[in-house]
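Structure first, then comments.
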Amino acid sequence: MRSFKTKLALGVCALAGTALVGLGAARADDLTQLIKNPANWATPLGNYAGQRYSTLSQINTRNAKELRPIWTFSTGVLRGHEGGPLVIGNMMYLSTPFPNKVFALDLNHDGRIAWSYVPKQDPNVIPVMCCDTVNRGVAYGDGMIFLHQADTTLVALDAQTGKVVWSVKTGNPAVGETGTSAPFVEGGKVFVGISGGEFGIRGRMMAYDEKTGKPIWTAYSSGPDKDIMFNPEKTMFMGKPVGTDSSLKTWQGQQWMNGGGGTWGWISYDPSTNTVFYGSGNPGTWNPTQRPGDNKWSMTIFARDADTGMAKWVYQMTPHDQWDYDGVNEMILANVPVHGKMTPALVHFDRNGFAYVLNRNTGELLEANKYDPAVNWATHVDLKTGVPQVVSEYAPGDQGADHNTQNVCPAALGSKDEQPASYSQMTHMFYVPTNHVCMDYEPFKVSYTAGQPFVGATLSMYPPKGQDNLGNFIAYDVNTGKIKWSDPEPFSVWSGALTTGGGIAAYGTLDGQLKVVDQRTGKLLYAFKTPSGIIGNVNTYEHDGKQYLAVLSGVGGWAGIGMAAGLTEDTAGLGAVGAYKALSNYTQLGGVLTVFGL
Amino acid sequence: MSFASSLIRGFALLGLLTVSYVGVAHAADATPDAKPYVVKNGDEVDMNTYKGFLYYGDECLRCHGPDGMGSSYAPNLTQALKTMTKVQFETTVMSGIKQVSNSSDLVMPAFGTNPDVVDNLNSIYAYLKARSDGVLKRGHPHHLPGT
């Protein structure tokens with residue numbers, strides 16, 4: 001047996017090799033090469049395009065039934081575990097909810113802890129985190145692991161030793177700014193967004209120098225053109241330049257200063273145009289009557305030049321939000337046929353229940369279809385103007401403050417929340433974990449106090465009328481704009497999906513099952529009940545010639561807040577699960593990584 | 001752990017003490033119509049209780065879950081209010097709870113400086129008490145006209 005140290009060294013030999021080649025370009029190539037090698041899972045969504053697809057095919061539709069758990073690892077943290085592990089060579093890296101521990105696990109020794117990092121953070125950040133204390137994972141680049149802590153410290157750790165290389169503050173928890181999302185690394189830069197849409201923060205995307213932590217650019221979601229990094233003549237919206245003050249014009253007075261537009265979702269990147277893509281969240285206060293206007297650019301897809309931060313194009317999905325339909329969900333980049341024509345597409349399954357397909361080079365809107373038939377707040381999206389046709393009956397803003405708007409679908413948690421979908425290069429289908437929940441929504445007046453919630457609405461949630469499954473796992477075809485198949489789940493599916501070259505799709509359920517299904521039919525091939533509910537993402541990697549699936553369980557997050565006690569009065573005798581049954585009857589807290597193999 | 005929460009915990013553990021303390025509290029509150037809410041037909045409430053529902057949704061739901069039923073993060077308040085007095089409730093909400101150690105990361109903010117909570121604490125209490133007493137159903141209540 002080789003010593004522990006040599007194996008560690010071999011694990012990172014790929015980086016050592018490229019590091020010798022030169023500076024900037026070599027670093028970028030380093031990560032690009034690591035991502036290309038399917039043995040690794042080197043970036044949070046698997047590749048720059050955010051596809052969560054792996055070409056690995058050892059585990060396939062024929063043998064998936066022989067899967068079994070191989071090893072497990074407890075993180076020692078009870079709160080909700082979102083995100084998933086990275087794998088680079090012989091090392092696996094994962095982060096936990098607050099206190100945001102990072103573990104480097106040695107795959108040559110069944111996951112022995114090579115190093116761990118436990119930051120000291122002021123616990124006062126906990127109550128300003130929206131719902132539970134989640135963290136959606138770490139990123140890798142240039143021999144370092146990057147973590148965005150709850151207290152908005154962005155820290156670079158030496159991937160071999162766990163020693164802090166640099167650290168920088170990205171925000172201020174005293175005004176409700178927190179870190180929950182996974183950083184994204186590309187071209188020598190670390191990109192990171194901010195959470196706090198429920199505290200009246202001003203969302204922004206930030207790029208830092210990977211080597212030093214020096215800030216490179218900061219682009220706000222709302223405010224003057226300079227702050228949002230728009231060129232009034234060149235930044236495009238629906239095929240036209242946005243013009244001057246495109247954000248300021250859509251807010252009353254200074255309201256944009258608490259304009260929300262958090263950037264707590266996922267980031268993707270297209271090397272052919274050097275563009276980063278991400279979305280912004282809800283505008284400040286959930287009470288729409290208090291902030292007239294379109295509230296740009298909340299609820300928006302941004303395409304920005306990765307080097308300068310300048311916006312190339314934008315598209316706002318939910319102007320003047322009245323439902324908390326954050327636009328932060330992943331932007332999946334894929335070259336797919338749309339209406340039969342091959343298209344450089346950006347595909348986005350929004351919280352608002354529409355699946356948006358845009359030309360990612362131009363921002364042209366090609367398609368927007370409901371991916372859950374229950375969606376009722378809008379009839380359709382006008383493809384010419386990009387504006388959704390809102391149904392007044394389901395618009396809390398139209399109904400006015402202090403009025404309870406009923407039976408709005410989807411609920412505030414969206415037809416899908418942050419749990420990322422997967423694009424299969426095999427079937428050209430999208431595999432989407434969804435919520436199937438509706439709500440009553442009542443807005444009322446609130447005042448802004450720094451560091452206090454700026455919500456101003458209360459809501460009740462329940463399944464669509466006559467149904468009791470709260471989630472579905474669906475296969476969605478962008479070419480036809482139709483759902484190909486749909487597997488109902490008793491609870492919301494709050495786990496990031498995976499597809500592979502073996503023809504399988506995998507996801508976790510809130511009651512703790514890891515499920516493997518056939519991409520073509522949705523047929524269940526394998527299921528295993530992990531120790532706790534799954535809100536993490538399923539990732540895959542290869543080690544010593546064997547393919548594995550890895551997922552974090554550990555119920556919590558908004559899912560754990562909303563569903564722990566069930567959603568509606570327990571109607572004894574109906575025998576129904578879902579809304580009537582408390583999730584707490586199925587699963588309890590606790591973060592555990594489970595690794596599956598054949 | 002704050003004084004208020006250890007007090008509460010102490011009572012929760014010592015069932016006997018809890019019972020006798022609740023007895024005293026009830027005696028102090030005098031007659032049964034000292035109830036802080038009006039609820040009819042399980043889902044119709046007076047304006048004060050209705051306001052409590054709204055502000056619960058605004059300030060507490062994100063941790064304590066829908067209808068006060070508890071979540072993966074924070075306890076079920078419809079249970080908690082079965083053994084807590086109003087004063088204990090108010091002290092807890094105003095001064096918050098902090099229980100942070102190697103194995104715990106439970107923090108409830110101190111709401112003493114939050115006007116939306118301070119000004120509506122009576123309403124929030126009324127709403128949760130109605131839920132706790134089992135007279136108000138889950139979901140969105142209606143407010144009784146003229147209250």
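So that the names make sense, note that chain A is the first sequence line, chain B the second, and so on, each numbered from 1. These figures come from a predicted structure and were not determined experimentally.
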(request) Measure distances from A:W558 to the heavy atoms of chain B and classify the residue's part below 4.5 Å as side chain, backbone, both or neither. (result) side chain
(message) Only pairs of heavy atoms separated by less than 4.5 Å count here; which of B:N76, B:V107, B:L54 has the most with chain A?
(response) B:L54
(message) For chain A, which candidate among B:F111, B:Y50, B:Y56 shows the most heavy-atom pairs at distances under 4.5 Å?
(response) B:Y50
(request) Report yes if the side chains of A:Y462 and B:P66 come closer than 4.5 Å at any heavy-atom pair, otherwise no. (result) no
(message) Using 0.5 Å steps for rounding, measure from the NZ atom of B:K98 to the CG atom of A:N124.
(response) 3.5 Å
(message) Please classify the contact between A:T587 and chain B as side chain, backbone, both or neither, with a heavy-atom cut-off of under 4.5 Å.
(response) neither
(message) Under a 4.5 Å cutoff for heavy-atom pairs, which residue among A:G456, A:S584, A:G451, A:G560 has the most contacts with chain B?
(response) A:G560
(request) Write down the atom of B:S72, the atom of A:R79, and the distance for their closest heavy-atom approach. (result) O-NH2, 2.7 Å
(request) Pick one of side chain, backbone, both or neither for A:K101, based on which atoms fall under 4.5 Å of a heavy atom in chain B. (result) neither
(message) Within the 4.5 Å heavy-atom criterion, are B:R62 and A:E198 side-chain neighbours or not?
(response) no
(message) Return the NZ to OG1 distance between B:K51 and A:T458, rounded to the nearest 0.5 Å.
(response) 14.5 Å
(request) Mind checking side chain to side chain contact (heavy atoms under 4.5 Å, CB included) for A:Q452 and listing every partner two or more places apart, or none if nothing turns up? (result) A:T449, B:T113, B:N114
(message) Distance check, rounded to the nearest 0.5 Å: A:F98 atom CZ versus B:D105 atom CG?
(response) 6.5 Å
(message) Exactly one of B:D58, B:L61, B:D116 should register a side chain to side chain contact (heavy atoms under 4.5 Å, CB included) with A:V455. Which one does?
(response) B:D58
(message) Quick check: closest heavy atoms across B:G70 and A:A565, and the distance to 0.1 Å?
(response) O-CB, 3.9 Å
(message) Counting only non-hydrogen atoms closer than 4.5 Å, does A:M129 touch chain B with its backbone (N, CA, C, O), its side chain (CB onward), both, or neither?
(response) backbone
(message) What I'd like to find out is whether the side chain of B:Y73 reaches to under 4.5 Å of the side chain of A:I561, using heavy atoms alone.
(response) yes
(request) Please flag which part of B:D67 lies under 4.5 Å from any non-hydrogen atom of chain A: side chain, backbone, both or neither. (result) side chain
(message) For A:M461, which atoms come within 4.5 Å of any heavy atom of chain B: side chain, backbone, both, or neither?
(response) side chain
(request) Answer with yes or no whether the side chains of B:H140 and A:N404 bring together a donor and an acceptor at under 3.5 Å. (result) yes
